[in-house]
Protein chains: 2
Amino acid sequence: MLRISKMTDYATVLLARLAAAPDRQLTATQLAAQSHLAAPTVSKVLKQLHRRGLVSSTLGLRGGYRLARPAAEITAAQILDALEGPMALIECARATHQCSIESTCGVGRAWQRVNLAIRRSLQEITLVELAGLGGEPVRFAALERALRGGRAERT
Amino acid sequence: MLRISKMTDYATVLLARLAAAPDRQLTATQLAAQSHLAAPTVSKVLKQLHRRGLVSSTLGLRGGYRLARPAAEITAAQILDALEGPMALIECARATHQCSIESTCGVGRAWQRVNLAIRRSLQEITLVELAGLGGEPVRFAALERALRGGRAERT
DNA sequence: CCTATATAGGACTAGTTTAGTACTAGATTG
DNA sequence: CAATCTAGTACTAAACTAGTCCTATATAGG
């Protein structure tokens, strides 16, 4: 199905809310209310985002969360990595792969290239675009550039 | 993690084997041996591929499987769809979505575009390339073209 | 100093999905 | 009619996901 988890989806929504109010500091409760999500779940996601350095937090009374850096410097790939770990379409594409037939099947290599292409495109999409703040829609030009750059060997 | 299931991975390997021997007819047992996979699992995947029309089969003694059409006419997207159903990064991107905050969050729309871009790129990758039969590696030019075509509104 | 409000971290549970197996039925060849 | 295939379905075990709860800690303010 090639899907991202709900948590990652939630994370994007929450980050988009934070991006829309860069100067303010929002609590987990506020974000939950804005997003119509359950408070404990929101809290969990924000904690994870903090752990991975995408948001900064203030403890105690009047505490809350805000983006750790400008929305333009947060990419879709970073969000995915933060919530789900480094993405890999198939096991073969991961660092420690052990495939007895890889030398003959060649499929792994092909998937790896697809994997890389998708990954690079996700690195070019920023939170600004995901949050719809840029005015313009997602820049597919960026996608193209990423893919073109990924083609190490010329055709 | 943005991954495909093992079954889909197996399907690709099996289809690659069939693509490598277009004139022959291979049994599930033979394919299992070639691929170092468990016979029942291979059988299950092949049955699914048959159901979705990617392979044709012959019953009875001397039966077996072969590709339903040339490898060049089987795409990565078709394989994914056959094994996992229509792909969608997030729930919002599916046909019957019900998201109370979609009008304000805008995130769903952005993911949908990413989704579409990936999907189109997968439609341009054929089994020939996945199986490594084309001589040339996966054509990233095709990926680019697909993405460029996906950009309905100009920048 | 004490309390209310926050985040931080971890443990835990229920539900769903995935992977794999087993069994029965039907088709074809010889 | 027997051997060898595929077809379909049902089932089980394991893994993952989503979500909740509890405890600890930090801060602001009375």
Side-chain angles (χ1 to χ4, degrees), chain A residues 1-14 18 24-33 35-68 80 82-85 87-91 94, chain B residues 1-14 18 24-33 35-68 80 82-85 87-91 94:
Chain A
M1 212 94 65
L2 203 63
R3 57 204 287 228
I4 60 180
S5 73
K6 281 191 185 178
M7 291 300 170
T8 306
D9 192 11
Y10 296 162
T12 314
V13 172
L14 296 173
L18 289 172
R24 292 182 58 199
Q25 180 146 278
L26 300 171
T27 68
T29 308
Q30 289 173 322
L31 286 166
S35 312
H36 298 122
L37 297 173
T41 302
V42 168
S43 190
K44 181 182 183 177
V45 173
L46 287 168
K47 277 182 271 189
Q48 182 66 13
L49 287 173
H50 175 257
R51 224 169 283 151
R52 298 318 200 86
L54 292 184
V55 304
S56 65
S57 66
T58 307
L59 294 179
L61 190 57
R62 306 243 173 127
Y65 294 94
R66 79 194 86 120
L67 292 184
L80 274 169
L83 274 289
E84 316 189 13
M87 85 169 207
L89 276 185
I90 56 172
E91 213 59 35
R94 317 191 74 157
Chain B
M1 213 97 60
L2 203 61
R3 59 202 288 229
I4 62 179
S5 73
K6 281 191 187 179
M7 291 301 169
T8 306
D9 191 12
Y10 296 163
T12 314
V13 172
L14 296 173
L18 289 173
R24 291 182 57 197
Q25 180 145 282
L26 299 172
T27 69
T29 307
Q30 288 174 323
L31 285 166
S35 311
H36 299 121
L37 297 172
T41 302
V42 168
S43 190
K44 181 182 182 177
V45 172
L46 287 168
K47 276 182 270 190
Q48 183 67 12
L49 288 173
H50 176 257
R51 224 168 283 150
R52 298 319 199 85
L54 292 184
V55 303
S56 66
S57 65
T58 307
L59 295 179
L61 190 58
R62 307 246 171 126
Y65 293 94
R66 78 194 87 118
L67 293 184
L80 274 168
L83 274 291
E84 316 189 12
M87 85 167 209
L89 276 184
I90 56 173
E91 213 59 37
R94 318 192 73 158

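Within every chain, numbering begins at 1; the chains are lettered A, B, ... in the order of the sequence lines, protein sequences first and strands thereafter.
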Is the shortest side-chain N/O distance from A:Y10 to OP1 or OP2 of D:dA18 below 4.0 Å?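 So the side-chain polar atoms of A:Y10 never come under 4.0 Å of the phosphate oxygens OP1 or OP2 of D:dA18.
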Between [atom2] on [N] and [atom1] on [X], what's the gap in Å once rounded to a whole number?
X     : N      : atom1 : atom2 : answer
A:D9  : D:dA18 : CG    : P     : 10 Å
B:H50 : D:dT9  : NE2   : P     : 13 Å
B:L26 : D:dT4  : CG    : P     : 18 Å
A:L18 : C:dT7  : CG    : P     : 11 Å
B:L31 : D:dT6  : CG    : P     : 9 Å
A:K44 : C:dG9  : NZ    : C1'   : 12 Å
A:R52 : C:dG9  : CZ    : C1'   : 15 Å
A:R66 : C:dT7  : CZ    : P     : 12 Å

Min side-chain heavy-atom separation A:L18-A:L31 under 4.5 Å: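 Heavy-atom side-chain distance check passes, below 4.5 Å.
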Do A:S43 and A:K47 have side chains that get closer than 4.5 Å, going by heavy atoms? yes
For B:L46 and A:K47, find the nucleotide of DNA chain D closest to each by heavy atoms; which residue's nucleotide sits nearer the 5' end?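 Between the two, 5'-proximity favours B:L46.
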By nearest nucleotide on DNA chain D, pick out whichever of B:Y65 and A:A38 is the more 5' one.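 Checking each residue's closest nucleotide, the 5'-ward one belongs to B:Y65.
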Return a table of donor-acceptor pairs under 3.5 angstrom between the side chains of residues 55-65 of chain A and protein atoms on other chains or two or more places apart.
residue, atom, partner, partner atom, Å
A:S57, OG, A:H50, NE2, 3.4
A:T58, OG1, A:Q25, OE1, 3.1
A:T58, OG1, A:Q25, NE2, 3.1
A:T58, OG1, A:R66, NH2, 3.0

Criterion side chain to side chain contact (heavy atoms under 4.5 Å, CB included) on A:V42 and A:T29, from CA distance to verdict: CA-CA 8 Å; A:V42 168; A:T29 308; over 6 Å; no
Among the candidates [options], find the nucleotide nearest to the side-chain atoms of [X].
X     : options               : value
B:R51 : D:dG8, C:dG20, D:dT6  : D:dG8
A:T41 : D:dT6, D:dG19, C:dT21 : D:dG19
A:K6  : C:dT7, D:dA18, D:dT6  : D:dA18
B:T27 : D:dT20, D:dC5, C:dA8  : D:dC5

Within residues 54-62 of chain A, residues whose heavy atoms come under 4.0 Å of DNA chain C: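 Contacts with DNA chain C under 4.0 Å: A:S57, A:T58, A:L59, A:G60, A:L61.
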Please enumerate all residues that pass side-chain contact (heavy atoms from CB on, under 4.5 Å) together with A:A39, with sequence neighbours excluded. A:A32
Interatomic spacing from CG in B:L49 to CE in B:M7 - rounded to 0.5 Å: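 Answer rounded to 0.5 Å: 11.5 Å.
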Interatomic distance, CG@A:L83 vs OG1@A:T12, rounded to 0.5 Å, equals 7.5 Å
